[in-house]
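Below is one structure, written out as structure tokens, with a few remarks after it.
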Amino acid sequence: MPYCDVGTQPSFPVADAHLKNDFKIFYRTYGGGPTKVLLIIGLAATHDAWGPQIKALTGTTFPNDDDDNGKEGNGDIHVCAFDNRGVGRSSVPVEKSEYSTEIMAKDAIALLDHLGWKKAHIFGHSMGAMIACKVAAVFPDRVLSLALLNVTGGGFQCFPKLDRQTFSVAYRFLKAKTPEERAAVDLDTHYSQEYLEEYVGADKRRAILYQQYVKGLSATGMQSNHGFDGQLNSCWTHKMTEAEIEVIKSAGFLVSIIHGRHDIIAQIYYAKRLAQRLYPVARMVDLHGGHLVNHERPEEVNQALFDLIKASEVNMNPHDWTNLPKKQSWLKEKRVLIRTNNQAGNNVSLKCYVLEKLHIFLLYFIGLLVLAFEYGRKLLRRLKPVRVGGSTSYTESR
């Protein structure tokens with residue numbers, strides 16, 4: 001099986017604290033050709049979640065290390081997809097401090113070094129898109145283009161919409177302990193309800209996908225608590241500074257931000273805001289779909305990725321690439337807001353502005369409550385009396 005030992009590549013001295021020699025990243029490559037594409041998957045997912053994109057980009061679903069490989073492929077694009085640390089067949093560090101989007105960005109660069117790829121198109125989904133942002137900001141000379149699918153800015157932006165459906169999904173997710181329970185909640189998390197209720201032949205798509213999810217989770221096993229908590233921590237602590245945004249804007253590559261407008265996890269508002277911050281190198285692709293828009297609308301997503309690769313190869317001018325309105329200064333935006341209010345004779349825009357700030361405050365407050373609850377729970381565990389006698393150590397798994 002193909003593994004990359006992070007911490008042993010030329011870019012990273014062995015002394016790097018988080019890149020230990022015993023940390024391994026499991027990866028698979030597909031196809032072959034001069035165009036290199038690195039796919040970075042999101043929270044709790046493994047590399048094979050990129051299936052529709054791997055097939056479209058390379059023309060095959062057989063990895064290059066598979067003995068049964070029929071040597072399919074279009075011969076133009078070489079793809080690598082991998083399991084992030086904390087999930088799948090990659091190493092699962094125990095400490096939360098060993099997880100962050102920047103640490104995992106260094107894992108991705110170590111993998112590029114391992115493959116001998118000087119540059120690649122970097123495509124990321126959800127948490128993987130946050131990692132891709134860090135790759136682009138910290139190692140811009142390794143990036144040919146950047147695609148960010150269902151991305152947010154991290155922190156409180158990771159909180160889903162505040163409604164009854166989302167609270168129900170979150171509660172069921174935290175309680176899920178079996179592949180069957182996890183599969184049921186994952187469907188409501190990943191796809192739009194409209195998509196799940198469509199009929200495929202005599203059965204609803206929900207029933208078909210449920211069986212596929214249960215089979216997949218049963219085969220790979222539930223993600224460990226250490227891995228999930230660590231990856232979740234990387235999302236919560238992720239942040240793109242203005243300096244990092246400026247690095248991406250001035251690096252010379254194009255960006256495509258692709259999002260499902262019915263995503264209840266990563267709200268499209270934040271993706272659009274990130275796209276605006278990256279003007280003029282970014283293009284916004286708004287699709288009818290949920291969080292796994294790359295599965296729900298694969299044709300549109302794949303076309304957007306091909307468009308990005310082609311535009312990069314011909315060195316398209318950013319102003320010809322972007323579909324965003326010209327970015328205005330903060331002061332100009334406020335003046336336009338006030339002028340609009342006065343001309344319309346109402347305060348609708350002002351109300352929207354206030355509601356937005358209130359929503360952010362509520363998300364931040366809920367985040368503090370969650371952190372306080374987690375701290376209190378751990379404190380109570382430490383205060384419990386220690387049993388005297390033999391014990392058996394074990395690692396809990398989901």
Side-chain angles (χ1 to χ4, degrees), residues 28 30 39 41-63 66 68 70 72 79 81 83 87-88 123 125-128 149-150 160-161 163-223 228 258-268 285-305 397-398:
R28 280 269 168 78
Y30 304 82
L39 302 176
I41 199 57
L43 174 72
T46 56
H47 69 282
D48 48 11
W50 283 109
Q53 285 63 56
I54 292 171
K55 175 66 174 178
L57 291 168
T58 68
T60 181
T61 56
F62 292 102
D66 192 338
D68 296 326
E72 302 176 56
V79 165
D83 297 344
V87 75
F123 300 165
H125 177 268
S126 192
M127 181 190 74
L149 283 69
N150 295 76
K161 293 179 180 179
D163 58 27
R164 183 180 298 178
Q165 178 195 354
T166 306
F167 278 119
S168 173
V169 168
Y171 177 73
R172 289 161 54 208
F173 182 85
L174 293 174
K175 286 188 63 179
K177 301 298 181 184
T178 67
E180 290 77 13
E181 292 173 341
R182 179 63 181 273
V185 70
D186 277 357
L187 293 181
D188 289 325
T189 305
H190 292 163
Y191 304 100
S192 67
Q193 293 300 310
E194 178 184 347
Y195 181 73
L196 291 173
E197 297 306 311
E198 288 178 356
Y199 276 90
V200 180
D203 299 315
K204 285 187 177 181
R205 184 176 276 110
R206 179 188 293 274
I208 298 172
L209 288 173
Y210 175 77
Q211 296 299 327
Q212 294 175 358
Y213 269 54
V214 171
K215 182 179 179 180
L217 289 167
S218 299
T220 60
M222 300 282 282
Q223 186 182 23
F228 179 76
I258 306 166
H259 212 97
R261 67 180 69 103
H262 301 296
D263 189 345
I264 66 171
I265 299 177
Q267 298 183 60
I268 194 170
V285 182
D286 176 355
L287 299 176
H288 184 84
H291 189 63
L292 276 187
V293 71
N294 58 317
H295 282 241
E296 191 168 340
R297 292 290 180 266
E299 293 82 7
E300 293 95 324
V301 169
N302 295 338
Q303 185 59 56
L305 297 178
S397 61
R398 289 180 174 271

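Note that the structure is predicted; figures quoted are calculated from it, not measured.
Annotation: side chain of Glu300 is in contact with side chain of Arg297 (closest heavy-atom distance under 4.5 Å). When side chains are defined from C-beta on, Val285 does not count as touching His259, because their heavy atoms never get closer than 4.5 Å. Residues Leu209 and Tyr195 form a side-chain contact, since some pair of their non-hydrogen atoms from C-beta on lies under 4.5 Å apart. Residues Leu305 and Ile258 form a side-chain contact, since some pair of their non-hydrogen atoms from C-beta on lies under 4.5 Å apart.
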Practice task
Could you check Val301 against Leu149 for side chain to side chain contact (heavy atoms under 4.5 Å, CB included), going step by step and ending with a plain yes or no?
Solution key: CA-CA 9 Å; Val301 169; Leu149 283 69; 3.9 Å; yes
Problem - Worked check of side chain to side chain donor-acceptor pair (under 3.5 Å) between Tyr191 and His291 - result: CA-CA 6 Å; Tyr191 304 100; His291 189 63; over 6 Å; no
Practice task
Determine, stepwise, if the pair Phe228 / Leu43 fulfils side chain to side chain contact (heavy atoms under 4.5 Å, CB included).
Solution key: CA-CA 8 Å; Phe228 179 76; Leu43 174 72; 4.1 Å; yes
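Using a distance-only test at 3.5 Å, with no hydrogens or angles considered, a donor-acceptor pair links the side chain of Thr60 to the main chain of Phe62. Under the 3.5 Å distance criterion, the side-chain polar atoms of Arg182 are left unmatched by any main-chain donor or acceptor of Leu217.
With no hydrogens or angles considered, no side-chain donor-acceptor pair links His295 and His190 at under 3.5 Å. Side chains of Arg205 and Tyr199: a donor-acceptor N/O pair is absent below 3.5 angstrom, by distance only.
To the nearest 0.5 Å, atom NZ of residue Lys55 and atom OH of residue Tyr30 are 12.5 Å apart. For the atom pair CG of Leu57 and CG of Leu39, the computed distance is 6.5 Å after rounding to the nearest 0.5 Å. Within the model, atoms CG of Asp286 and CZ of Arg261 stand 4.0 Å from one another, a figure rounded to the nearest 0.5 Å. A distance of 4.5 Å separates CG of Asn150 from CG of Asp263, quoted to the nearest 0.5 Å. Atoms OH and CG, on Tyr210 and Leu187 in that order, are 9.0 Å from each other to the nearest 0.5 Å. Remark: Glu299 CD to Asn294 CG distance equals 11.5 Å, nearest 0.5 Å.
Salt bridge annotation for Glu197-Lys204: present, with a cationic side-chain nitrogen under 4.0 angstrom from a carboxylate oxygen.
Smallest separation of non-hydrogen atoms from Gln223 and Ala44: OE1-CB, 3.1 Å. Among all heavy-atom pairs drawn from Val214 and Ala183, the shortest one is CG2-CB, 3.6 Å. In this structure, Thr61 and Pro63 approach most closely via the heavy-atom pair O-CD, 3.5 Å. Looking at every heavy atom in both residues, Ser126 comes nearest to Gly42 through CB-CA, 4.4 Å. Closest approach of Val185 to Thr189, counting heavy atoms only: O-OG1, 2.8 Å.
Taking Glu296 as the reference, Ser192 meet the side-chain hydrogen bond (donor to acceptor under 3.5 Å, both in side chains) condition, with sequence neighbours excluded. The side-chain hydrogen bond (donor to acceptor under 3.5 Å, both in side chains) check on Gln193 picks up Asp188, Arg206, with sequence neighbours excluded.
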